[in-house]
Structure formats: C-alpha cells, structure tokens
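Notes follow the structure.
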Amino acid sequence: MGEDCQNISVEDSVRYIALNATFSVVGILCCVATIVLIVSLKIYRQHIHRLQLYIAVFCSLFNAALAVEVIPVDTSGSCVRVRPGWNSTCIALGFIAQYFGFAKSFSMLWVCWYVFMLAMCNSRVKQEVIGIVVVLILPCFFAWIPFVHSSYGLNGVWCWIKYDESSQHSWYEGTLQSSFIAGADLIVHLMSTVMIVVVVITFCRGAYAHNSILKHQHLMALKEVLPLLVYPAVDCIGVMLVAVKTVYFITTDNKLAKNASLIQMVSIAAIQVLTVLLPLSLLLHPSVRSLACSRKQKANQLDSSVKHSITTTEYSALNNVHPTPSLLSGAYMK
C-alpha cells in the first residue's frame, strides 16, 4: 500500500490538502472560542450548555484529526502515495477521524433529543452520564468496522477507507464499507433533522395560539431553542453532500473520479467552515445575553460606587473630617 499511487494528480492533491488544513484550523478556532465562552461565562452549570460544550469538544477533536491525517500523504514524487513507514500512522489517523466524526454526530443527536423531549413531553431528560457513555462508546462500533478487512488506508489525499483499484473485489469491498459508514452517519443526521423540524413546528404553532400565556411561553421557548439547533441543522447539509459523494461512487464506473473527490473535499470543508455558527449561536442565546447584560450592570454599579467613595473621601479630607465608611474605607481602617 505504501508504494501504490492514488488516482489524483499531485497538483490537485496539494490544493486539496491546503484547503483541508486551512478550514480545519478555522473549525478548531471556532470550537475553541465556543469552549472559552462557555467556561468563562460559567454557563456550563446549565445542562443544555454543557451539551453544547460536548459538541464543541468533539468537533474540535474531529477537525484536529482531519488536519493531521494529511501528514502521511507524500506529494513530493510523481504521484500521490503514503510516505514510507507511515502506513500504520495513516491507518490510526483514519480510525481516529472516523471515531470523532461519529462522536460529534451523536453529541448533536443528544442535543436534538433533549430539545425534542422538552418540546413534546415538557420533560427535561438529562441522564448525562448515560449520554456521555453512549457518545463515547457507540462510535467505536462504526469506526472499528473497517478493521475487519484491513480497509483503513490512503484514500485520495486523506486517510480513510482505501480503494484498491488493482482488485475489483477489494474496490467493491471498500465501497460497501464506506457506504455503510456514510449511511449510518446519514441516518443519525436524519434523526436529528426530523427532531429539529418537529421541535420548530411545535413551538411555531404554539407561538400562534389564542391563549396569550401559552403563546408567550412558546415564543420564549422558541427563542431559547433556535440558537441551540442552528449548527446541528446546518451540519446536516454537509452530511448530505458526503452522501451525494457516496452515491456517486456506487452509481458510476469511474473509480475515484475527480468530481467525487471534489464533492467529498468541499463537503468536509463546508462543515468545518460552518463551525463558526457554534460561537455565534451561543452568543445569540437569551441566557447568555441576559448574563452579559447583568454582568455589565454590576460592573457599572461597582464603578459608580467606587467613584462615589473616592469623591466622599476627597471631600472629607478637604474638610479635615474622618471619611465616612465606604467600599474603600474598610481597607483604610484596617
């Protein structure tokens, strides 16, 4: 495998690698910004924002895996191949990227399930420990499948499920495995999409209710829910593009066609770019905005109290009178 050339030009591979690395870094920065916001504002104490934190963590790890999985690719020669001695590393990186990709998908499904239960049953189903175990363990099943037939390896310009064009059986085997994994990921995203649609329809119908109290409750719930579902909803678009790529592989006779590789690369890059929605949707959430406003008010009150204390102290000193107790006088009296 280390000596096999990929059916892609060196010039195209360099462009794809640069594109993948650039957008992976963008995705990592957006996820880190989301994590910093959640931790600095201390909103991780709320269950729903902890779910957002899990999405940001798994998304950052997935982007990091995508950024480094092009390292074993050798583009210095006349064709694209795995660097000598890097075959095991490419296999490991393919598994890691596949694992964190599913972990990210299941963490988003977890958020959608929580909001779905809140909308349909008015029940805040937490069970956080069970959710964490599912998100960490279940992706291992899907990521381990290619190891059954040693299918992990170089695929174009990234480490994933390899396609051996010299053997028709091996090529179809790789196609079936990649189709199964892509299909499983697509099903997870479709479940998330259905829940998102049901939640939005439920809250929108309630927002037009004749009962003013019920209408107000649904409007407030809609404002809280929509920012949480922006990234999972848009992420499904990128997964649809990956599904189109997989269908193209199955229905065409042109093995590893450039158009299919381009669809896969653009779809993955689009998902990474859209991670900018994570910190933006967090900033748009009502609880975060109210927290920021309350902190600003407290800072203004503290500032005005300090200014009033300083003014009182200066006035007392001018009149040779002991200053009245204030925020600063406690330290002075000590």
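Just so it is clear, the model here is predicted, and its values are computed rather than measured. Residue numbers count from 1 along this sequence.
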Inset, instruction - Measure up the Phe102 and Phe142 rings against each other and bin them: parallel (under 30°), tilted (30 to 60°), perpendicular (over 60°). - result: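 Rings of Phe102 and Phe142: parallel, under 30°.
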Inset, instruction - Could you go through the side-chain contact (heavy atoms from CB on, under 4.5 Å) check for Met191 and Ile187 one step at a time? - result: CA-CA 6 Å; Met191 293 171 62; Ile187 290 174; 4.2 Å; yes
Looking at every non-hydrogen atom in both residues, tell me the closest pair between [X] and [Y] and how far apart they are.
| X | Y | result |
| --- | --- | --- |
| Val188 | Ser105 | CG1-O, 3.8 Å |
| Pro72 | Val68 | CD-O, 3.8 Å |
| Met120 | Val198 | SD-CG1, 3.7 Å |
| Asn20 | Ser24 | O-OG, 2.6 Å |
| Cys31 | Ala56 | CB-O, 3.5 Å |

Measure the spacing between [atom1] of [X] and [atom2] of [Y] and express it to the nearest 0.5 Å.
| X | Y | atom1 | atom2 | value |
| --- | --- | --- | --- | --- |
| Ile35 | Ile55 | CD1 | CD1 | 11.5 Å |
| Leu53 | Ile43 | CG | CD1 | 9.0 Å |
| Phe106 | Leu136 | CZ | CG | 11.5 Å |
| Thr202 | Leu118 | OG1 | CG | 11.0 Å |
| Ile196 | Leu229 | CD1 | CG | 5.0 Å |
| Phe100 | Phe95 | CZ | CZ | 9.0 Å |

So [Y] and [X], do their side chains get closer than 4.5 Å, heavy atoms only?
| X | Y | value |
| --- | --- | --- |
| Met195 | Val115 | no |
| Tyr99 | Trp144 | no |
| Pro232 | Cys112 | yes |
| Leu61 | Lys104 | no |
| Gln46 | Tyr44 | no |
| Gln177 | Tyr152 | no |

Inset, instruction - For the pair Arg83 (side chain) and Ile71 (backbone), establish whether a donor and an acceptor sit closer than 3.5 Å, ignoring hydrogens and angles. - result: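 Answer holds: yes.
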Inset, instruction - Could you tell me whether the side chain of Asp185 and the main chain of Ile181 form a donor-acceptor pair under 3.5 Å? - result: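 A pair under 3.5 Å: no.
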Linking I/L/V/M/F/W/Y whenever their side-chain heavy atoms sit closer than 4.5 Å, directly or via other members, would [X] and [Y] fall into one cluster?
| X | Y | result |
| --- | --- | --- |
| Trp110 | Phe141 | yes |
| Val134 | Val111 | yes |
| Ile96 | Leu66 | yes |
| Phe62 | Val26 | no |
| Trp113 | Val194 | yes |

Inset, instruction - Take Tyr54 and Val135 through the side-chain contact (heavy atoms from CB on, under 4.5 Å) test and state the conclusion after the steps. - result: CA-CA 10 Å; Tyr54 299 147; Val135 171; over 6 Å; no
Inset, instruction - Kindly determine whether Ile48 and Leu51 satisfy side-chain contact (heavy atoms from CB on, under 4.5 Å), including the steps that lead there. - result: CA-CA 5 Å; Ile48 189 63; Leu51 296 184; 4.1 Å; yes
Inset, instruction - Answer yes or no: is the gap between the SG atoms of Cys159 and Cys90 smaller than 2.5 Å? - result: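 Taking the criterion (SG atoms under 2.5 Å apart), Cys90 and Cys159 satisfy it, so yes.
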Inset, instruction - Identify which one of Gln52, His47, Arg45 satisfies the side-chain hydrogen bond (donor to acceptor under 3.5 Å, both in side chains) criterion when paired with His49. - result: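 That would be Gln52; it is the only one of Gln52, His47, Arg45 passing the side-chain hydrogen bond (donor to acceptor under 3.5 Å, both in side chains) with His49.
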